[in-house]
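Here is the structure we will look at, set down as structure tokens.
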Number of protein chains: 2
Amino acid sequence: MIVRQAANVLEIMEFFAQARKPATLAEIADHFGWPRSSTFNLLATLSEKGYLYEPRPRAGFYPTPRWLAMARMISEVEPLPPWTHTLIADLSAETGETASIVAPAGVMAVFIDVVESQAAIRYFATIGHRVPIHATASGRALLLQYSPEERDSVYRKIEFKQYGPSTPISIEAVEAELRHSIARGYCQSFADYSRDLAGAAIPLPIGDRRLSVVVAGPEFRIGSKVADVAALIARTLDRLRPKTAA
Amino acid sequence: MIVRQAANVLEIMEFFAQARKPATLAEIADHFGWPRSSTFNLLATLSEKGYLYEPRPRAGFYPTPRWLAMARMISEVEPLPPWTHTLIADLSAETGETASIVAPAGVMAVFIDVVESQAAIRYFATIGHRVPIHATASGRALLLQYSPEERDSVYRKIEFKQYGPSTPISIEAVEAELRHSIARGYCQSFADYSRDLAGAAIPLPIGDRRLSVVVAGPEFRIGSKVADVAALIARTLDRLRPKTAA
DNA sequence: AGAAAATGTACATATATGTGAATTTATTTG
DNA sequence: CAAATAAATTCACATATATGTACATTTTCT
């Protein structure tokens, strides 16, 4: 069950991240199609908790820096080592495609750092973006780091759907693809989940964290080059990753 | 009316900002005294929206960097000029008390930047902290920047409560205090709102934003020195504020 | 200035939602 | 390795909550 008002808080936050200016109750209500009275309650709650204020009279609400203060405290803990961002920045620069660091979240994989391609046609992904762990290159690069028992436990919760022609729709299909990935030395996906999207990924264990790096872009641009891209990821990783311990 | 599940999202975020480590469903449920099933729904919602993930298997949930990404986008807009933080940092260092930048939010005043005192006994305030605009030095320094009509509009919404012996409990009492403040050149409060707390504040208009600076601490330490503190604020402000335009 | 339109606020009620109990899954212990 | 314990999920129902309606306030237009 989705908790509507919890989701609404996030929607409001994203609204402000986009709008980048204060908004009145009426504007927010209209934007989301919410009743005024409900919007009123929600804004009052956020204000009362110190997350919204009124920068200038009658110009409406805007988030306080408390969001930032909280987010900083949260993200200071075990931040990704700086070289991981360099890694995806370099990869994106060299390939012209979108590069990301990905982490597990149950049956999904979450993007926890992203450097977007500059191309007009590109893989549009943001931090927090989620994709099925079994039907994506990045996700399978995570699964490779699991024990067979752990994988089983994940498999049991997956709802196998035919996202595209090549989506693995059974446990055995996923396991087979994992074996192929080991053989070829990297994970790949050709529109297994997102239409027209191809990508190459490799596992990225950091300490006891199981992450992966992925480079992805439109199939027509990257499709024939996945092997090269994978090799590039491996080389770049080798260059940037500190040699001493993980 | 307070929207419970909206508040809960903020509580969870604050929980993680404090805990600074992943937490399982059970831990979170126990911490807040929420039923597991409700906690499950809430965590699922936050995960689905890309705001929580599972950094390592079975170690529970932790917020994704998406919070930070969003907060950054939000706070990049019209950030406070850097000298304002220097201002309160210097004031806190010199006085040994807590110094803050404050902004209006209806009948309340919100702390939008804070440098805390290092003293064991101190005014404990965080970014997002809210106090009544009419019953605090910082709030009245905001009201001084309003037109009489705007003040009236605020007054009509205030619920006058006797927070302490010296709380102004009528419009006229507030207006009188504002006149005194103008005469003496700064705003002050002696436990008007918070017990044992005294402070000095002065208006801080920046562009078309109406802010204020306040230094506050325990009455016994700062009480006899408010005039000196106010003078210090004025001097420091004069030193740091760029001369060209506001 | 006065009227009209837009915005913000309060409240009762129908309904979406949170929750206790039951079920399934995972982990620890004997 | 099986039994026991703990954790995570599901689900039906009672209740807390979102909203339609009405009212108040502020702003805009004539």
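Residue numbering restarts at 1 for every chain, and letters A, B, ... go by the order of the sequence lines.
Between the CG atom of A:Asp30 and the C1' atom of C:dA6 there is a distance of 10 Å, given to the nearest Å. Distance CD1 (B:Ile28) to P (D:dA7): 13 Å, rounded to an integer number of Å. Atom pair A:Phe40:CZ and C:dT7:C1' shows a separation of 12 Å (rounding to whole Å applied). Rounded to whole angstrom, the span from the CH2 atom of A:Trp34 across to the C1' atom of D:dG20 amounts to 18 Å. One atom, CG of B:Leu43, and another, P of D:dA7, lie 15 Å apart when rounded to the nearest Å. Per the geometry, CG belonging to A:Leu25 stands 7 Å off P belonging to C:dT9, to the nearest Å. C:dG8 atom P lies 13 Å from atom CG of A:Leu52, rounded to whole Å. Separating the CD atom of A:Glu27 from the P atom of C:dG8 is a distance of 8 Å, rounded to the nearest angstrom.
For D:dA18, one of the phosphate oxygens OP1 or OP2 lies less than 4.0 angstrom from a side-chain nitrogen or oxygen of A:Gln5.
In terms of position on DNA chain C, the residue among A:Ala26 and A:Ile2 whose nearest nucleotide sits closer to the 5' end is A:Ala26. The residue among B:Val154 and B:Val3 whose nearest nucleotide of DNA chain D lies closer to the 5′ end is B:Val3. Between A:Gly60 and A:Asn41, the residue whose closest nucleotide on DNA chain C is further toward the 5' end is A:Gly60. Each of A:Ser38 and B:Phe61 has a nearest nucleotide on DNA chain D; the 5'-most of these lies closest to B:Phe61.
For B:Arg4, counting side-chain heavy atoms from C-beta on, the closest listed nucleotide (D:dT10, D:dT19, D:dT17) is D:dT17. In the set C:dT19, C:dG18, C:dG8, C:dG8 carries the atom at the smallest distance from any side-chain atom of A:Thr24.
Salt bridge annotation for A:Arg140-A:Glu175: absent, with no cationic side-chain nitrogen under 4.0 angstrom from a carboxylate oxygen. At a threshold of 4.0 Å, the pair B:Arg210-B:Glu150 counts as salt-bridged, since one of the basic side-chain nitrogens sits closer than that to a carboxylate oxygen.
In this structure the side chain of B:Val174 reaches within 4.5 angstrom of the side chain of B:Tyr155, judged on heavy atoms.
Here the closest heavy-atom approach between residue A:Pro63 and residue A:Tyr53 is recorded as O-CE2, 3.6 Å.
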Q: Carefully, step by step, assess B:Asn8 and B:Gln5 under the rule side-chain hydrogen bond (donor to acceptor under 3.5 Å, both in side chains).
A: CA-CA 5 Å; B:Asn8 288 352; B:Gln5 292 295 28; 2.8 Å; yes

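Listed by first then second residue, pairs satisfying salt bridge (Lys or Arg N to Asp or Glu O under 4.0 Å) with a partner in residues 31-48 of chain A read A:Asp30-A:Arg36, not counting sequence neighbours.
Interface remark: the A:Ser37 side chain does form a donor-acceptor pair with the D:dG20 base, using a distance-only criterion of under 3.5 Å.
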List, with names and distances, any nitrogen or oxygen atoms from the protein found under 3.5 Å away from nitrogen or oxygen atoms belonging to nucleotides 22-25 of chain D.
none

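Put simply, the side chain of B:Thr84 gets close to the backbone of B:Pro81: a donor and an acceptor are under 3.5 Å apart.
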